[in-house]
Engineer: 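Please read through the structure below; I'll follow up with questions.
Counting starts at 1 for both ligands and their atoms, following the listed order.
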Amino acid sequence: MDLELKGKKALVTGGTRGVGRGIVLALARAGVDVVTCYQNDSEYVASLERELKETGGNHHVLRADLSDAAQISALLERTGEIFGGRIDLLVNNAGTISHIPYAELSVEEWTRVLTTNVTAAHLVIQHALPLLGEGSSVVSIGSKAVEAGIPLRSHYTATKAALVGLSRSLAKEFGPQQIRFNVVALGVIETENFHKMPQEQRELMAQRYGAKTALGRLGTPDEVAGAVMWLASDLARYVTGNTIGVDGGIS
Ligand code: NDP
């Protein structure tokens, strides 16, 4: 299906691995020019650059640690230069998580997770404002955990809830300019981290979360990309301030 995304310009944060990589590659295949960023050098950077080269288009994989405000500012400045001062789609995907009993959660760890998951998303959007215009779409990657709650991940869940409030308010503030803000709330998605687990743990996780899911299986980054591409397209031009679940019907 042609969503008429060809020639659009997108910034996707955290695109070297996992969900972000799936989004970047799907957009590039649809003819979107993509800038993405990462924090740590790894083999994923070179392999993504190779794959993007094969799709054709104007793509850039840049190093920018989003926990550093100065690096966010530099990333957005560079993105503006690359795309001639406009972004049609911004995807706040980069995120971090840890599993810690609430009673032992240090303020340092609380702050680390908040900085990457919320403060960075806020600063990326704020620095992107001059590049966003009528019809632009901002998508933040949230989590179904906000509704369900998960033990040991109170700090992470709080950050994903914050993204919902941020998006809803920005939808109202920038609605008159026809800039849309939505959250895509994920269930359990198979990424490299999942595939790196020992087989037994992987099977247990697939079984446990598969059983909680209406479709009886985990999701894929490509399936998340489908929702993001729809939100980037003109088909979703009246959709804003929403949270769209891509979770296989998990409960
Ligand atoms: P991964 O850990 O697999 O990938 C995270 C990506 O973000 C990597 O490219 C990483 O770069 C980048 N990143 C992380 N921190 C920073 C930073 N400070 N600066 C720049 N880049 C950074 O995550 P997932 O793909 O699993 O998750 C992606 C998003 O989806 C997250 O927001 C997550 O909370 C959300 N989500 C995921 C679910 C899942 O089941 N996978 C479920 C619900 C929500 P690097 O390689 O350099 O570390």
Side-chain angles (χ1 to χ4, degrees), residues 11-26 34-49 61-76 78-79 90-99 111-124 139-150 153 155-164 166-167 183-197 202 205-206 208-210 212-213 217-225 227-228 243-248 250:
L11 171 62
V12 180
T13 64
T16 45
R17 294 185 290 120
V19 170
R21 186 180 180 108
I23 295 170
V24 167
L25 288 170
V34 189
V35 169
T36 191
C37 71
Y38 62 95
Q39 181 178 20
N40 303 301
D41 283 314
S42 68
E43 77 271 18
Y44 296 114
V45 177
S47 68
L48 179 64
E49 282 173 335
V61 184
L62 308 175
R63 188 162 195 273
D65 180 356
L66 302 175
S67 63
D68 176 354
Q71 294 192 41
I72 292 178
S73 169
L75 171 68
L76 269 296
R78 182 79 189 102
T79 305
L90 167 59
V91 184
N92 280 307
N93 165 78
T96 188
I97 193 168
S98 57
H99 305 180
T111 305
R112 185 189 73 80
V113 173
L114 247 85
T115 301
T116 298
N117 293 6
V118 184
T119 310
H122 146 63
L123 289 175
V124 167
V139 178
S140 295
I141 304 297
S143 170
K144 194 71 178 179
V146 169
E147 279 175 40
I150 333 181
R153 278 165 249 183
H155 51 327
Y156 170 81
T157 314
T159 66
K160 294 302 185 184
L163 289 181
V164 173
L166 180 71
S167 278
V183 169
V184 171
L186 309 186
V188 183
I189 309 299
E190 281 183 31
T191 62
E192 296 85 356
N193 290 342
F194 173 82
H195 291 290
K196 269 194 226 151
M197 288 177 191
R202 219 170 47 226
M205 194 167 155
R208 184 187 303 154
Y209 287 105
K212 290 184 182 201
T213 303
R217 62 174 178 83
L218 309 189
T220 65
D222 209 43
E223 289 169 332
V224 178
V228 171
T243 297
I244 289 133
V246 177
D247 57 24
I250 202 166

Engineer: Does the protein place any heavy atom closer than 4.0 Å to atom 23 (O) of ligand 1?
Structural biologist: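 Protein heavy atoms within 4.0 Å of atom 23 (O) of ligand 1 - there are none.
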
Engineer: Are any of the heavy atoms in Y156 under 4.0 Å away from ligand 1?
Structural biologist: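 Yes.
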
Engineer: On a heavy-atom basis, I'd like to know which of T13, L218, D65, N40 is closest to atom 47 (O) of ligand 1.
Structural biologist: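 Answer by nearest heavy atom: N40.
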
Engineer: Side chains of T116 and L66, heavy atoms from C-beta outward: is any pair under 4.5 Å?
Structural biologist: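 In short, these two side chains do not touch, never coming nearer than 4.5 Å.
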
Engineer: Just go through N93, D41, T116, T159 and tell me whose heavy atom is the nearest to atom 28 (C) of ligand 1.
Structural biologist: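 When every heavy atom of N93, D41, T116, T159 is considered, N93 comes closest to atom 28 (C) of ligand 1.
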
Engineer: Determine whether any heavy atom of K160 lies closer than 4.0 Å to an atom of ligand 1.
Structural biologist: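 Under 4.0 Å: yes for K160.
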
Engineer: When you measure from atom 7 (O) of ligand 1 to every protein heavy atom, which one gives the shortest distance, and what is it?
Structural biologist: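 I find the closest protein heavy atom is G14 CA, 3.4 Å.
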
Engineer: Would I189 count as a polar contact of ligand 1, with the cut-off being nitrogen or oxygen pairs under 3.5 Å?
Structural biologist: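 Yes, there is a polar N/O contact under 3.5 Å.
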
Engineer: For atom 38 (C) of ligand 1, state which one of G187, S143, G18 supplies the nearest heavy atom.
Structural biologist: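 Heavy atom nearest to atom 38 (C) of ligand 1 belongs to G187.
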
Engineer: Identify, with sequence neighbours excluded, every residue that meets side-chain hydrogen bond (donor to acceptor under 3.5 Å, both in side chains) alongside D68.
Structural biologist: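 If we apply the side-chain hydrogen bond (donor to acceptor under 3.5 Å, both in side chains) test to D68, skipping adjacent residues, the hits are Q71.
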
Engineer: Among A121, A94, A64, which one has a heavy atom closest to atom 20 (C) of ligand 1?
Structural biologist: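 Minimum heavy-atom distance to atom 20 (C) of ligand 1 goes to A64.
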
Engineer: Could you work out, with side-chain hydrogen bond (donor to acceptor under 3.5 Å, both in side chains) as the rule, every residue matching R208, not counting sequence neighbours?
Structural biologist: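 In terms of side-chain hydrogen bond (donor to acceptor under 3.5 Å, both in side chains), with neighbours along the sequence ignored, R208 is linked to no residue.
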
Engineer: Counting heavy atoms only, name the option from V19, L48, V188 that's nearest to atom 27 (O) of ligand 1.
Structural biologist: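 Going through V19, L48, V188 one by one, V19 has the nearest heavy atom to atom 27 (O) of ligand 1.
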
Engineer: Take every heavy atom of T96, measure it against each atom of ligand 1, and state whether any distance is under 4.0 Å.
Structural biologist: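 T96 does not count as a contact of ligand 1 under the 4.0 Å cut-off.
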
Engineer: Distance to 0.1 Å, residue and atom name: give those for the protein heavy atom nearest to atom 10 (C) of ligand 1.
Structural biologist: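 Result for atom 10 (C) of ligand 1: R17 NH2, 3.7 Å.
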
Engineer: When you compare the side chains of R112 and T96, does any donor N or O come within less than 3.5 Å of an acceptor on the partner?
Structural biologist: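 Side-chain D/A pair, R112 to T96: present.
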
Engineer: Give me the nearest non-hydrogen protein atom to atom 9 (O) of ligand 1 as residue plus atom name, then the distance to 0.1 Å.
Structural biologist: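 Here the closest protein heavy atom is T16 OG1, 2.9 Å.
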
Engineer: Any N/O of S42 closer than 3.5 Å to an N/O of ligand 1?
Structural biologist: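 N/O-N/O distance under 3.5 Å: no.
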
Engineer: Under 4.0 Å, counting heavy atoms only: does G219 come that close to any atom of ligand 1?
Structural biologist: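 The answer is no: ligand 1 sits nowhere under 4.0 Å from a heavy atom of G219.
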
